[in-house]
Structures are given as C-alpha cells and as structure tokens.
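Below is one structure, written out as structure tokens; the observations come after it.
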Amino acid sequence: MPKTFFITTAIYYTNSSPHVGHAYEMVLADVIARYHRLKGENVFFLTGVDQHGQKVQQSAAKAGVPPAEFVKEVTQKWLDLSKKLEVKNDEWAETTSDRHKKVVRGILQRLFEEGQIYKDKQAGYYSVRQEQFLTDKERGPDGQFGPEWGDIEFREEENYYFKLSQYKDWLLEYLKGRADAIIPDFRQTELRNAVEKISGDLCISRPKSRLDWGIELPFDKDFVTYVWFDALTNYISFADYDPSKSNIKHQTSNFQDRWPALQIIGKDILVPAHGIYWLIMLHAIGFPDDQMPRLLVHGWWNIGGAKMSKSVGNIIDPFALADKYGAEALRYYLMSDIVTGQDADFSEERLVERYNSDLANSFGNLLNRTLTMVGKYQDNRIAFPKGEWLQNPDQRSTESYAENIITQIKAYKSHMSAAPTFPIPFILPFTLGPFVANAAIGNVLGIADQGNILVENAAPWKLAKDLEGVSKTKLNAVLYALTETLRIIAILISPVVPKAAHGIFDQVNGKMELRGKEKRFSLADAEWGRLPDGHVVGKPVPLFPRIER
Ligand code: MSP
C-alpha cells in the first residue's frame, strides 16, 4: 500500500492571538495537503499549538489567570482560525496533552540512560525571547547581541544538557548528501553555514523554581524541559511515535506509514530550532538519514518591509479580513501574492485587486459567459466536437487550444510538487521550484485566459447566427472547449479555494453525486476531453461578485 503523505506546520505559541503570517502558514500546508488528496493520496496533516514555556507563563501572569486556563482560551482562537480558513487538518497538536507528555518523557529518559543528557552549571547571558543562554558566537560584529534575541539578562544556574555538538559532523555530512533536505536550496546553504558554527551542547531544562509551566523531567522532578524537547517532538508524538522503540522499524504501524514528514516552517525557526536541534534530536533517538523530514521554509508577510509580529505591533487580524472579504478571498490572496520561500508585503488593496482581476474577471467571467452561451445557443447541452481540436487562439503558437491547456496542467503539477529526491542529470522542462503555489495558480489563470481569449476570437454570438455546416461544428467545438476548460479550472483551483471550486462544479454540473465532498475533485480527471457528448450544464450564478471600494 502506498505510504501516507505526512505534512506539518510549526505549532503556534499560545501567548497571543493569530495574525495573517500564521494564517499563511496554515493555509499553505492546507493547500499542499489538499493537492495530495487531489492526487488520490492518503494524507496526514498535523498542526496545533505550543502551549508551554516562559512566554506563556508570563502572558498568563500578566492576564492574572493560571497558565492552564490562559492557554485554553488562546488555544480556542487557533482552533477557530483553522476552522474559519477551511484548514482541514487530520490531527491537532497540544503540547500540554498527556499523550504528548508521555512521548517527551520517554524520549528524555532514553537519552538520559544512554548518557546523551547530563547535568552542568552555567553562568552567562540569557535571551528571554529565545529562551536560551547566549555565547559570544551570537554576538554581532559590533559585539552586541542583535535585536532578534530580545531582552538579555545575566543568569547562573544548574541545568541538564543534551550532547548536541558531537553530532555536528553527522549533520554536515547529511546535508552534503541530500540536496533537498531544506527547500528552497538557498536555505540549505544558510543552514550549512550555521552548522559549521555549532560549538556547545544544548540546554534542555529549567529549574522549576523559575519556570514550572513545562514538562517535568522523568529523572529529576525539580526541573522541567521546555521548547526544544517539548515543542519539536510534537511532530512525532502526534503521529503515534512510541518512545520505547529506538529502531524505527519497530515503530507503531501508524508511525511507519506516516513518517517522514514534509515540515512547513517560517525562515525564523530554521536556524537553530528545526535545521539543527530537531534534525540532531531525531538522529540521536535513532532515525536513519533516509528518515529525516524535509523542511519547506517560507518567508514572511511584512508590513512596509518589517515582519508582521505582535511585538512590533503591526499585526493584521485574519478573522477581520475573512469576515470582510470571505475566507476564500483571503486564502487566494495569501497563496497567489507571495512566492513560496520569499517575503512579501501585505496589502489589503492587493487582496481586493487580485480578487477582482483573477476571481471575478478571469474565472468568474469565463464561467458566466460560457454557461450563458451554452444556455442560449445550445439549450444547455454541449456536444462532443467532431473532427480536429481547435487551434490555439494565439496565432503565434503552433499548439492547439487543448494542447496549450495540457501544457499548463503539466506545469501546474510540477509547481505543486516536491523536487525529485534524486539528483537530476538534466534540466526538466518545468522545474521552477517545488511547492510554488503562486506559480501553480498562475497556470490556472493561464488556462482561464486561454478560455477568455477564445471567446473573443471565436465570437460564438456570430457563429450562432449561421447554424449551418462549418459554423455549427465550430460553435460546438468552442462551447465544448470552454465548458471543459471550466471543469479543469475547478479541479486545479480546488486546493486553494475549495468552496469556489464546488461552486463552479455545481454550475457546470460536474459530479453532482459528490456535491460538497472533497472527493468530487481528482487530479486524474484533469484530462482534456472527459466531458461526455450531450452533457447538460446548469444556469450561471455569479460566484465572485466584484468588490467595490
Ligand atoms: N512555537 C514556535 C515553533 C515551535 S515548532 C515546534 C513558534 N511559534 S510562532 O507562533 O511564533 O510561529 C509559528 C510559525 O508562524 C513559524 O513558522 C513562523 O515563521 C510563522 N510566522 C510568524 N510570523 C510570520 C509572518 N509575519 N509571516 C509568515 N510567517 C510567520 O515559533
């Protein structure tokens, strides 16, 4: 049986409410998950919340409520967000759950018994934001700790350490041997440079006297672990990892079926959290190199060039946007107006612009004009064209209309997929980069543009005036091609705007027996010429009314 496709997002801190940057990450993972379901794969999509740690403890204290109560309330907002944005995850991670704590303790106990965790005393500068001691390596060229570390204070305390530095050579070798460990590849280069600088081991505990909102160490009740072993481990604990089995071949069948995952994270948590600590933790607990997760690293949504974040105070509320424009308008904007891996500036005007130009004009008009014409000229019934397929409306192209669309479908698939896991000895025609949802959307828009140009060039209203011979054949061919184009658009756009895709299918009368169900769409159906002769379409209903400002 084919393995399940496993995809995760980072887990979100429950010290504050979600903003558009977080919404983006959830939706990106959801779109990739939906694309894999569209391919007919079994998908396991995990997202959730990071509930422990100093920041949460501090925020709860500020709010005057116990951390558990505080966390419950904030967690609800993250759950609400996933629901609001039609994010269809299969599992929800909460790090305060017993299921998770059990795995964390099991892993820590095993590493402690193997001598990979030891106790030591440390004195030095401590970053409250990153919850870690800093060394001189973290100082900038001016000798100061950069703003990314937040408030710095001097501390002295005993703690437990994980033997991280002994794995530096392994990590370098691993990254050398696997070109797509980190996507996009410039992030892999960035990580390799950071790994070269690894020196000390990793502090993994805090004395309870200072922080008690964490998971108690199984071998010392005066300490809790937090952040690294607490949060990163969620990716395996919620996939049914059994901490008592170091050999992955003896893992639970669920885990073996799911792992390894494609993990989506923002660029700020690649180094050191995921790229260094997480990969080394997995290696240390027995994961072989071919079982390492791939990390897809996205950029940030900025406001006027600055990262959107609560501390800067420039956050955009995704709930308000979804209420104002609809969840799908927001999903569409977040997926189409940023290049996966790069940063983008958030702009509400751009959201409206893209909605009007792409959804209302390109897709909406094509739907409306096509169904109106099929209704008027063919009594809602399309006929399978006889003879040759239509020529491309773009006279410079030698491809036929259908060939052009087939080319766009191929490019779409390539943009939505991962790069091959083997070195490519030649340049493939469409490998612009993996998981570039914006480029895949560009292909769907390209298909809609072809349709709209065809309407203009073929002018069905003229053909309809003379329904004898050639004109009739041509009118049939044009209206069949347009309806088929809409059917394909709905399938391909369904991971991004699932409700709108259903709306198109409802009007085109596509797979009515699966109305409202995700199974209605299948990538295998995105093949030219599937609509049968005599197919009856429905009435046009405006799907994307223009947003007037
Ligand atoms: N809890 C940690 C991650 C632990 S993962 C085991 C954390 N949480 S977070 O809530 O601060 O961020 C969660 C994710 O949201 C990260 O991947 C981060 O990059 C992403 N984003 C936060 N702000 C963002 C933008 N402005 N734009 C895009 N993504 C952003 O880090």
Side-chain angles (χ1 to χ4, degrees), residues 31 34-41 86 88 328 331-332 358-360 362-385 389-390 401-402 404-406 408-410 412-413 416 440-441 443-452 454-455 460 475-545:
V31 167
R34 283 177 187 267
Y35 175 73
H36 281 263
R37 285 191 217 107
L38 192 67
K39 286 204 309 182
E41 289 173 35
E86 298 161 30
K88 220 182 131 209
E328 299 222 331
R331 283 175 67 103
Y332 185 80
D358 300 359
L359 298 178
S362 294
F363 299 138
N365 272 351
L366 185 65
L367 177 66
N368 203 274
R369 318 156 93 171
T370 301
L371 296 188
T372 305
M373 291 188 294
V374 179
K376 203 161 155 192
Y377 306 136
Q378 293 194 311
D379 208 10
N380 298 319
R381 190 179 295 272
I382 52 167
F384 199 88
W389 288 110
L390 289 168
Y401 181 85
N404 184 288
I405 287 183
I406 291 163
Q408 296 272 19
I409 297 172
K410 263 193 204 157
Y412 166 95
K413 288 182 188 170
M416 286 294 253
I441 291 174
N443 297 125
V444 191
L445 278 173
I447 293 175
D449 287 347
Q450 285 293 307
N452 281 314
L454 177 62
V455 176
L475 182 65
N476 275 345
V478 170
L479 295 181
Y480 181 91
L482 293 174
T483 313
E484 186 60 344
T485 302
L486 284 165
R487 186 186 67 85
I488 287 171
I489 287 173
I491 296 170
L492 302 186
I493 206 68
S494 66
V496 182
V497 283
K499 283 212 175 101
H502 277 290
I504 298 176
F505 254 41
D506 287 349
Q507 296 188 35
V508 171
N509 266 339
K511 294 209 173 166
M512 293 307 269
E513 69 285 4
L514 291 172
R515 214 173 162 182
K517 300 213 168 73
E518 199 184 3
K519 280 209 160 50
R520 193 179 197 187
F521 304 108
S522 150
L523 198 58
D525 290 341
E527 264 192 4
W528 189 261
R530 288 274 181 114
L531 271 175
D533 187 37
H535 178 83
V536 174
V537 302
K539 295 260 170 295
V541 184
L543 202 54
F544 306 106

Out of curiosity, [X] [atom1] to [Y] [atom2], how far, rounded to the nearest 0.5 Å?
| X | Y | atom1 | atom2 | value |
| --- | --- | --- | --- | --- |
| I447 | N404 | CD1 | CG | 8.5 Å |
| L445 | I489 | CG | CD1 | 8.5 Å |
| N476 | R381 | CG | CZ | 12.5 Å |
| Q507 | T483 | CD | OG1 | 12.0 Å |
| R487 | D525 | CZ | CG | 6.0 Å |
| I504 | I493 | CD1 | CD1 | 8.0 Å |

Nearest heavy-atom neighbours spanning [X] and [Y]:
| X | Y | value |
| --- | --- | --- |
| G375 | N380 | CA-OD1, 3.0 Å |
| F384 | L531 | CD1-O, 3.6 Å |
| T372 | P540 | OG1-CG, 3.6 Å |
| V478 | P460 | CG1-CG, 4.0 Å |
| G538 | L371 | O-CD1, 4.0 Å |
| A481 | L454 | CB-CD2, 4.1 Å |

Q: Mind telling me whether F363 and F544 have parallel, tilted or perpendicular rings, with 30° and 60° as the class edges?
A: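 It falls in the tilted class, 30° to 60°.
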Any side-chain heavy atom of [X] sitting closer than 4.5 Å to one from [Y]?
| X | Y | result |
| --- | --- | --- |
| R34 | E86 | yes |
| I491 | F505 | yes |
| W528 | T485 | yes |
| L486 | L482 | no |
| M512 | R515 | yes |
| Y332 | I441 | yes |
| I488 | Q408 | no |

For the backbone of [Y] and the side chain of [X], can you confirm whether one donor and one acceptor N or O come within less than 3.5 Å of each other?
| X | Y | result |
| --- | --- | --- |
| Y412 | L492 | yes |
| Q378 | M373 | no |
| R331 | V497 | no |
| H535 | V508 | yes |
| E484 | R530 | yes |

Q: Have a look at E518 and tell me which of K499, K511, R37 forms a salt bridge (charged side-chain N to carboxylate O under 4.0 Å, His left out) with it.
A: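 When K499, K511, R37 are each tested with E518, the salt bridge (charged side-chain N to carboxylate O under 4.0 Å, His left out) holds only for R37.
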Q: Please report the C-alpha distance between R369 and N452 in whole Å, then the side-chain angles of each, then the deciding distance to 0.1 Å, and finally whether the side-chain contact (heavy atoms from CB on, under 4.5 Å) criterion is met.
A: CA-CA 9 Å; R369 318 156 93 171; N452 281 314; 2.9 Å; yes
Q.
side-chain contact (heavy atoms from CB on, under 4.5 Å), that's the test. Do S362 and D449 meet it? Break it down for me.
A. CA-CA 7 Å; S362 294; D449 287 347; 3.8 Å; yes
Q: Evaluate the criterion side-chain contact (heavy atoms from CB on, under 4.5 Å) for residue pair V496 and E328; output intermediate values, then yes/no.
A: CA-CA 8 Å; V496 182; E328 299 222 331; over 6 Å; no
**Q.** Short side-chain donor-acceptor distance under 3.5 Å, S494 and Y35
**A.**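 No.
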Q.
What I want to check is whether the side chains of R520 and H502 have a donor and an acceptor closer together than 3.5 Å.
A.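 Looking only at side-chain atoms, H502 and R520 do form a donor-acceptor pair, the distance falling under 3.5 Å.
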